[in-house]
Amino acid sequence: RAEAFLERGRCLAELGRSARALEDYGQALALEPGGARALLARGDLLFALGRAAEAEADYGRALQAEPDNAVALVNRGVARDEQGRHDEAEADFSRALRLDPGLVSAWAGRGVARSQRGDMAGMCADYREACARGGCRRLQDARAMGYCGEGAARP
């Protein structure tokens, strides 16, 4: 039954029925407390609704259930970065990369967190790694703004 609530919640979220989706995720979690998939889904919806602190809490609970879930780490890193907690976000992205070095979203996310702290060289290095793995959008954007290129005016 928990799986049915989870899947219906995902469908409702896609249809823009956020309140109902949150109810279904809650039902899934009532039936399966600590269910990482339901916590991730609810966290994603909460983040999309601008509720980063609540999303972070769900991602943290998902990590309690599955400590080596690299996606949960990336998502929590994004939520922390959104709240201005760039050092904690960078730590989450770095841990995700230790678990899965090919995770493009972790390289890109860590680059964003580094840029927020003023580490432009670190940002460029991470964006280059993301690009080497097929995710070049952030590197292209940075280059368009004068960063990360050969002979760029900024580091």
Side-chain angles (χ1 to χ4, degrees), residues 1-117 119 122-123 125-142 144-145:
R1 282 186 38 134
E3 184 69 25
F5 280 112
L6 173 60
E7 290 308 315
R8 187 170 71 179
R10 286 183 176 149
C11 291
L12 289 165
E14 286 179 22
L15 293 170
R17 297 182 60 196
S18 302
R20 280 295 314 272
L22 289 172
E23 288 175 15
D24 278 2
Y25 294 147
Q27 288 293 326
L29 289 165
L31 292 167
E32 189 180 312
R37 291 180 34 221
L39 287 162
L40 285 170
R42 187 171 70 180
D44 291 346
L45 180 55
L46 290 167
F47 186 83
L49 293 171
R51 295 160 61 179
E54 292 172 83
E56 178 191 354
D58 275 353
Y59 298 140
R61 286 192 289 278
L63 285 163
Q64 289 174 347
E66 297 179 2
D68 292 336
N69 187 321
V71 172
L73 283 163
V74 168
N75 291 357
R76 187 174 72 178
V78 171
R80 286 176 165 176
D81 203 52
E82 179 71 18
Q83 296 173 78
R85 295 177 18 232
H86 310 300
D87 291 335
E88 292 172 85
E90 185 176 339
D92 279 344
F93 296 127
S94 293
R95 184 169 161 221
L97 288 168
R98 286 191 296 278
L99 294 168
D100 183 356
L103 197 55
V104 171
S105 58
W107 287 107
R110 191 171 75 175
V112 170
R114 286 179 166 178
S115 74
Q116 295 297 318
R117 292 188 305 95
D119 178 5
M123 172 196 77
D126 285 346
Y127 287 175
R128 285 187 186 102
E129 286 294 330
C131 189
R133 289 161 171 76
C136 294
R137 186 182 61 81
R138 292 220 184 257
L139 180 60
Q140 292 167 346
D141 290 348
M145 292 185 290

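Each residue takes its place number in the sequence, starting with 1. Values reported hereafter were calculated over all heavy atoms of this structure, with side chains retained and with hydrogens, waters and symmetry mates removed.
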Return the minimal non-hydrogen interatomic distance between [X] and [Y], and the atom names on each side.
{"X": "Ala2", "Y": "Leu31", "answer": "N-CD1, 3.7 Å"}
{"X": "Asp100", "Y": "Ala70", "answer": "CB-CB, 4.3 Å"}
{"X": "Leu73", "Y": "Asp92", "answer": "O-CB, 3.4 Å"}
{"X": "Phe47", "Y": "Glu82", "answer": "CE1-CB, 3.9 Å"}
{"X": "Leu99", "Y": "Asp68", "answer": "CD1-O, 3.6 Å"}
{"X": "Ala62", "Y": "Leu39", "answer": "N-CD1, 3.6 Å"}

Flag the pair [X] / [Y] as yes when at least one side-chain heavy-atom distance between them is below 4.5 Å, and no otherwise.
{"X": "Leu6", "Y": "Asp24", "result": "no"}
{"X": "Asp58", "Y": "Asp44", "result": "no"}
{"X": "Arg8", "Y": "Arg20", "result": "yes"}
{"X": "Val74", "Y": "Tyr59", "result": "no"}

Point-to-point distance, once rounded to the nearest 0.5 Å, from [atom1] of [X] to [atom2] of [Y]:
{"X": "Arg51", "Y": "Leu46", "atom1": "CZ", "atom2": "CG", "answer": "5.0 Å"}
{"X": "Leu40", "Y": "Tyr25", "atom1": "CG", "atom2": "OH", "answer": "10.5 Å"}
{"X": "Arg138", "Y": "Cys131", "atom1": "CZ", "atom2": "SG", "answer": "13.0 Å"}
{"X": "Ser105", "Y": "Asn75", "atom1": "OG", "atom2": "CG", "answer": "7.5 Å"}
{"X": "Leu45", "Y": "Arg10", "atom1": "CG", "atom2": "CZ", "answer": "11.5 Å"}
{"X": "Asp141", "Y": "Met145", "atom1": "CG", "atom2": "CE", "answer": "6.0 Å"}

Using atom types as modelled and distance alone, determine if a side-chain donor or acceptor of [X] lies under 3.5 Å from a backbone N or O of [Y].
{"X": "Trp107", "Y": "Leu97", "answer": "no"}
{"X": "Ser115", "Y": "Val112", "answer": "yes"}
{"X": "Tyr127", "Y": "Cys136", "answer": "no"}

Salt bridge flag under 4.0 Å for residues Arg133 and Glu129: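 Salt bridge between Arg133 and Glu129, a charged N being under 4.0 Å from a carboxylate O: yes.
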Check the pair Glu7, Arg37 against side-chain contact (heavy atoms from CB on, under 4.5 Å), reporting the backbone distance first and the verdict last. CA-CA 10 Å; Glu7 290 308 315; Arg37 291 180 34 221; 3.8 Å; yes
Salt bridge (charged side-chain N to carboxylate O under 4.0 Å, His left out) partner of Glu56, the single match among Arg80, Arg42, Arg76: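 It is Arg80, the one option of Arg80, Arg42, Arg76 that forms the salt bridge (charged side-chain N to carboxylate O under 4.0 Å, His left out) with Glu56.
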May I have the step-by-step check of salt bridge (charged side-chain N to carboxylate O under 4.0 Å, His left out) for Arg1 and Glu32, ending in yes or no? CA-CA 9 Å; Arg1 282 186 38 134; Glu32 189 180 312; over 6 Å; no
Of Arg85, Arg110, Arg95, Arg114, which is the lone residue that meets side-chain hydrogen bond (donor to acceptor under 3.5 Å, both in side chains) with Glu90?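 Going through the options one by one, the only one that passes is Arg114.
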